[in-house]
**Student:** 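After the structure tokens below, expect a handful of questions from me.
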Amino acid sequence: MSILQAIIIAILYFLANGTIIGVGFFTLYRPLVMGFATGLILGDPVTGTIIGASINLIYIGHISAGGSLPGDPALAGIVGASLGITAGLDVNATLPIATSVGILGSLLWFGRLTLNSFFVRLADKYAAEGNASSWWVVNVGIPQALLFLITAVPGFVIVYFGANYIQGVLDFLGQYVLTALIVVGGMLPALGLALTLKFIFEGEARIYFLLGFLLVVFFELDMIGVGLFAAIIAIAYLQFKNSSIPNEESTGTISASSEDAIGVGGLSNSTLFRSYINWTFHAQGVYNYERMMGIGFAHSMVPAFREWYEEGSPEMAEALQRHTIFYNTSPQFGTIINGLVLAMEEQIYHDSEEITGESINAVKTSLMGPLSGIGDTLTQGVIVPLLLSFFIGMSLEGNLLGPILYSISVVALIWGFAWWFFKLGYERGNEAIVNLLESGYINRLIAAAKVMGAIVIGALVASFVYLNIGISIPIGDGSSFVLQEQLFDAILPQLLPLLLTLGCYYLLEKGMSSSRVMLLLFVVGTLGGYFGIFVP
């Protein structure tokens, strides 16, 4: 690997974590895409895609909510693809190494949120001065410069120097360790899939999980076939749910007219779009433990404030200070709150006596929790895992369209939903939000998505979780009783991967952290692989 290649990969790692391109979290941050990009830089995109897809199975249920981060999928994708291409390691052998290094990325994340807290004082200073024109400095410029230092620099060191060092260690340890690593690599996807099950494995969705598993075990459907089957079942399920609810409930729509809306509607589309872009790209620009997205929310208001108020005026200062308080919600579906608050701010600008700063912050505080739950469930718990499930299957076969089509699809869906909700909040006001939540349609849509997700996850367990017993018991006549083939496979093919995944799910439900479950898999898999209890 050349220095230039390592530098480019390090920059991609920064972009995956940063807010410069706006969609890094849904694209480059995913090992499927990062593995493809790393392979492209190193001259072997097919291998990079296969390894990235394999690693992404571990992180398919990856959820980052409330400032938490159980691991760093982007760094894992970089390390795995780099090792597979430059050192020629087996795909499964790269998995435990990649995820181990990925834990380092979570430490960088926590360091980022801690250091960003220091920049809050500067934001307070700008707000008190009514300095809106420099708001990008505190929410984008300085924090992104810090992020570059704590991601690109260690990323370069790990990629450029790490591969050869890790390979030397593996050569020293020998074949037994490699076998153990391959066994662990086959077990680790069970954790990622179990994390996804935490969001969908309830009620009616449970039986659909088993259906997806059996479709692969007995009918040998590939992931594309399973995906199409799951989509049809989900649509039928949604239609049944809608038809089983009385018309007055099932047809609940947003009925507020333009006259009922809070906003005056005087902002231009260009101002609205700049406000939307500021939030979509930089909601977490200076993400920190003290205010979370508070500074980012103020940044989304800046285009409108600069249109209404003079720079440095008391009105500008008051408006900015309203929005530097703590705030945290789904960056995508939470845009409806941004739109609503813009409508309310517009009323204040037009000297409304009914809307006050206190009422605006009350609305933000009361809505950010429910919309965070809905938004994180839909984006990180449903939409992203479903899209990944569709495209990981083809990517594992070396099809380069997998990461490309996934990126296009997720960006179109995420940006489309976010912009629609933003405009909805601004144009229809708070009545739109109440009607949307009370109609029950979102809940039914989530239920249908869970059915679809359960089928796909069940199929992924049967297809990509590996656990085989390597024990044979002599029976006296020169033959042996092979536990895997003659016991477990006779009961149900892929029974052990199913039990392993459900076991991980059980531990997570009982409160064990994902890090501890991963450590447990490492220990059990390593010892079992080393002593021959488990085989690849």
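Values reported hereafter were calculated over all heavy atoms of this structure, with side chains retained and with hydrogens, waters and symmetry mates removed.
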**Student:** Is R30 positioned over the aromatic face of F36, cation under 6.0 angstrom from the ring centre and no more than 45 degrees off axis?
**Tutor:**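 Not satisfied by the 6.0 Å and 45° rule.
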**Student:** If the condition is ring pair (Phe, Tyr, Trp, His ring centres under 6.0 Å), which residues does F148 pass it with, not counting sequence neighbours?
**Tutor:**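 Result, ring pair (Phe, Tyr, Trp, His ring centres under 6.0 Å) vs F148: F14.
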**Student:** Mind jotting down which residue pairs meet the salt bridge (Lys or Arg N to Asp or Glu O under 4.0 Å) criterion with at least one end in residues 413-425? Sequence neighbours excluded, please.
**Tutor:** K423-E427
**Student:** What pairs with F326 under ring pair (Phe, Tyr, Trp, His ring centres under 6.0 Å), at least two apart in sequence or on another chain?
**Tutor:** none
**Student:** Will you find, in the side chains of D72 and Y13, an N or O donor that is under 3.5 Å from an N or O acceptor?
**Tutor:**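 D72 vs Y13: donor-acceptor pair found between side chains.
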**Student:** Indicate, with yes or no, if the rings of W419 and F273 have centres closer together than 6.0 Å.
**Tutor:** yes
**Student:** Run the side chain to side chain contact (heavy atoms under 4.5 Å, CB included) check on I295 and V138 step by step: do they pass?
**Tutor:** CA-CA 8 Å; I295 309 304; V138 70; 4.2 Å; yes
**Student:** With a 3.5 Å cut-off and no angle check, do the side chains of E318 and Y309 form a donor-acceptor pair?
**Tutor:**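 Their side chains do not contain a donor-acceptor pair, so the 3.5 Å distance test is not met.
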**Student:** Going from CG on L146 to CD1 on I142, what distance comes out if it is rounded to the nearest 0.5 angstrom?
**Tutor:** 10.0 Å
**Student:** Looking at CZ of R322 and CG of N361, how far apart are the two atoms once the value is rounded to the nearest 0.5 Å?
**Tutor:**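 With rounding to 0.5 Å, CZ (R322) is 8.0 Å from CG (N361).
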**Student:** By ring pair (Phe, Tyr, Trp, His ring centres under 6.0 Å), which residues pair with F156, not counting sequence neighbours?
**Tutor:**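 Y160.
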**Student:** Output the distance between atom OG (S275) and atom CZ (R306), rounded to the nearest 0.5 Å.
**Tutor:** 13.0 Å
**Student:** Check whether more than 12 heavy atoms from other residues, nucleotides or ligands sit under 6.0 Å from atom CD of E129, and answer yes or no.
**Tutor:** yes
**Student:** Would you compute the distance between atom CH2 of W415 and atom OG1 of T280 and round it to the nearest 0.5 angstrom?
**Tutor:** 8.0 Å
**Student:** Are any side-chain N or O atoms of T335 and backbone N or O atoms of A418, one a donor and one an acceptor, separated by less than 3.5 Å?
**Tutor:**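 Between the backbone of A418 and the side chain of T335 there is a qualifying donor-acceptor contact (under 3.5 Å).
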**Student:** Under a 3.5 Å threshold, yes or no: a donor from one side chain and an acceptor from the other, between N139 and H282?
**Tutor:** no
**Student:** Yes or no on side chain to side chain contact (heavy atoms under 4.5 Å, CB included) for N288 and R291, after CA distance, side-chain angles and deciding distance?
**Tutor:** CA-CA 6 Å; N288 61 88; R291 309 281 178 87; 3.7 Å; yes
**Student:** Given side chain to side chain contact (heavy atoms under 4.5 Å, CB included), test T38 with L12 step by step and report yes or no.
**Tutor:** CA-CA 9 Å; T38 301; L12 285 181; 5.5 Å; no
**Student:** Between N56 (side chain) and S54 (backbone), is there a donor-acceptor pair under 3.5 Å?
**Tutor:** no
**Student:** Using a 3.5 Å distance criterion without hydrogens, assess whether the side chain of S330 forms a donor-acceptor pair with backbone atoms of F333.
**Tutor:**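 Confirmed, S330 side chain pairs with F333 backbone.
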**Student:** My understanding is that only residues two or more places apart in sequence, or in another chain, count here; which of them pass side chain to side chain contact (heavy atoms under 4.5 Å, CB included) with I408?
**Tutor:**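 Result, side chain to side chain contact (heavy atoms under 4.5 Å, CB included) vs I408: I404.
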**Student:** The criterion is side-chain hydrogen bond (donor to acceptor under 3.5 Å, both in side chains); which residues satisfy it with N338, sequence neighbours excluded?
**Tutor:** S300
**Student:** Would you check if the side chain of E307 reaches a backbone N or O of L267 as a donor-acceptor pair within less than 3.5 Å?
**Tutor:**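 No, because the side chain of E307 does not come within donor-acceptor range (under 3.5 Å) of the backbone of L267.
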**Student:** Could you state the interatomic distance from OG (S133) to CH2 (W135), rounded to the nearest 0.5 Å?
**Tutor:**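 Reported to 0.5 Å precision, the distance equals 11.0 Å.
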**Student:** First locate atom CG of L340, then atom CG of L424, and finally report the distance between them rounded to the nearest 0.5 Å.
**Tutor:** 9.5 Å
**Student:** Which heavy atom of H299 sits nearest a heavy atom of N278, and at what distance?
**Tutor:** O-ND2, 3.0 Å
**Student:** For N328 and Y287, which I'm curious about, is there any donor-acceptor pair between the side chains at under 3.5 Å?
**Tutor:** yes
**Student:** Decide whether N269 and T271 meet the rule of one side-chain donor and one side-chain acceptor closer than 3.5 Å.
**Tutor:** no
**Student:** Are a donor atom and an acceptor atom from the side chains of E345 and H350 found within less than 3.5 Å of each other?
**Tutor:**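 Checked: E345/H350 side chains show no N/O donor-acceptor pair below 3.5 Å.
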